[in-house]
Amino acid sequence: MKEKKLNKRELFLFKAYSSIADQDFEVLYQQHGLASEKQWKDFIYWALLVCGIGFLVSGIVFFFAFNWDHMPVTVKFSLVGLGIVLSGYFAITPRVNESVNKISLLATTVLIGVLLAVFGQTYQTGANAYDLFLTWLIVATPLTLVGQSTYQWLFFSILANTTLILACVQRLQVDSIFVGILLLLLLNVVLLFLPLCKVLYRNFEIGNSYTQIQSVAMYLLATVGFGCWLFTNDSSYRPEELTGALWTLLLSLGLIGGGLVLGWMRKQIYLFSYALIAAISGGLMLWMKLFKDSSEGLLVYMLYAIGGIFFIIKMVSTKSKEWKHEN
């Protein structure tokens, strides 16, 4: 049976509520409270390895970037193609560990985008940035669905959001900011739940980093959408500039309220805390709307901000301790 590793907080709680001798506690602290020699060696090894790889890759990238304009076309395509072949090989070969496979798959996806950019630059296809990113997204979609990698899903999310923003600006030429926020909200909701779909993946569990980053993006967009509606509903704007304002407001409020309820019911502290921050931020916007630029408003903003920050810290800290023991 694997020995449980205690953290410093648990050690000092144990000392405070027990009659353990100081000498025995010192032994426990040396075993569990400090990093061991092996942990330090592992940290130094991985830190030096990451720095070495980073410096090597940076040197190669800057060397080719500086001499890129003077290289023949065949050399450009050969370099990018060689990178795709090598990264693709390491993405599928069983001779390396799974982490190398996943990182290589991500590198393959990035290099495919580089190949598309080089092709457009070399032959002057006339395609704009939207066409480039759309093609890149289409190629990256099957790689992401098959790859079962958290890193790949994070990059795919960035790529999909960038493509949608470029589509709204360059292709659709959307006049209303609410339509853009609404589309981005819907896209990120889909991207949050798509990797969790058991129809696609039966044995794959997406990493917490992905769900948390997607949640942050959703609640940031929801807060921005609520603020835009609040500060534009009584101003002089053209009707086409306010298209989708009501739907954006309803979806933003639904996400914030649903996040609070769902996070409370499922005892997910990160979901609850993000929704709580969004709700407190929305309250601050309401005060700013009511008092506007008055001298009394500055005092209200300051008091509300201080109280809101204290309330968030207190609530999240309390619920984190409760739900940690319950789970």
Test of understanding: clusters of I, L, V, M, F, W, Y form through side-chain heavy atoms closer than 4.5 Å, transitively. Do [X] and [Y] belong to the same one?
X	Y	answer
Val118	Val75	yes
Ile277	Ile309	no
Val100	Ile92	no
Phe311	Tyr301	yes
Leu187	Ile158	no

Flag if over 12 foreign heavy atoms under 6.0 Å of [atom1], [X]:
X	atom1	value
Leu164	CG	yes
Phe77	CZ	yes
Phe43	CZ	no
Tyr151	OH	no

Gln212/Tyr274 under side-chain contact (heavy atoms from CB on, under 4.5 Å): CA gap, chis, key distance, verdict: CA-CA 9 Å; Gln212 292 186 22; Tyr274 297 155; 3.4 Å; yes

Tell me if a side-chain donor or acceptor on [X] pairs with a main-chain N or O of [Y] at a distance below 3.5 Å.
X	Y	value
Thr248	Phe178	yes
Thr93	Tyr89	no
Ser157	Leu154	no
Lys289	Leu230	yes
Thr243	Glu240	yes
Ser87	Ile84	yes

Separation between [atom1] of [X] and [atom2] of [Y], rounded to the nearest 0.5 Å:
X	Y	atom1	atom2	value
Cys228	Ile181	SG	CD1	4.0 Å
Asn188	Ile213	CG	CD1	11.5 Å
Trp287	Met302	CH2	CE	14.0 Å
Leu220	Leu185	CG	CG	9.5 Å
Leu166	Tyr130	CG	OH	9.0 Å
Ile280	Thr223	CD1	OG1	11.0 Å

Among Asp42, Leu49, Leu48, which residue meets the side-chain contact (heavy atoms from CB on, under 4.5 Å) test with Tyr45?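 So, applying the side-chain contact (heavy atoms from CB on, under 4.5 Å) to Tyr45 and each of Asp42, Leu49, Leu48, only Leu49 qualifies.
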
Any [X] side-chain heavy atom under 4.5 Å of [Y] side chain:
X	Y	answer
Leu286	Phe226	yes
Leu255	Val189	yes
Val179	Cys168	no
Val216	Tyr270	no
Phe272	Leu260	yes
Lys319	Trp264	yes
Leu115	Leu111	no
Trp229	Leu246	no

Worked check of side-chain contact (heavy atoms from CB on, under 4.5 Å) between Ser149 and Leu106: CA-CA 9 Å; Ser149 169; Leu106 177 60; over 6 Å; no

Given the rule in the side-chain contact (heavy atoms from CB on, under 4.5 Å) test, do Leu191 and Tyr210 qualify, once you have shown the distances and angles that lead to the verdict? CA-CA 10 Å; Leu191 289 173; Tyr210 177 81; 3.6 Å; yes

Shortest non-hydrogen contact between [X] and [Y], atoms and distance:
X	Y	value
Phe155	Thr109	CE2-CG2, 3.7 Å
Ser215	Leu271	OG-CD1, 4.5 Å
Thr74	Ser78	O-OG, 2.5 Å
Ala140	Gln152	O-NE2, 4.3 Å
Val316	Ser273	CG2-CB, 3.7 Å
Tyr304	Leu284	CE2-N, 3.3 Å

Classify the ring geometry between Phe156 and Trp153 as parallel (under 30°), tilted (30 to 60°) or perpendicular (over 60°).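 It falls in the perpendicular class, over 60°.
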
Using side-chain contact (heavy atoms from CB on, under 4.5 Å), reason through Ile177 and Thr232 one step at a time and then give a plain yes or no. CA-CA 11 Å; Ile177 189 175; Thr232 58; over 6 Å; no

Checking Lys102 now: which residues fulfil salt bridge (charged side-chain N to carboxylate O under 4.0 Å, His left out) with it, not counting sequence neighbours?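 Salt bridge (charged side-chain N to carboxylate O under 4.0 Å, His left out) list for Lys102, sorted by chain: Glu98.
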
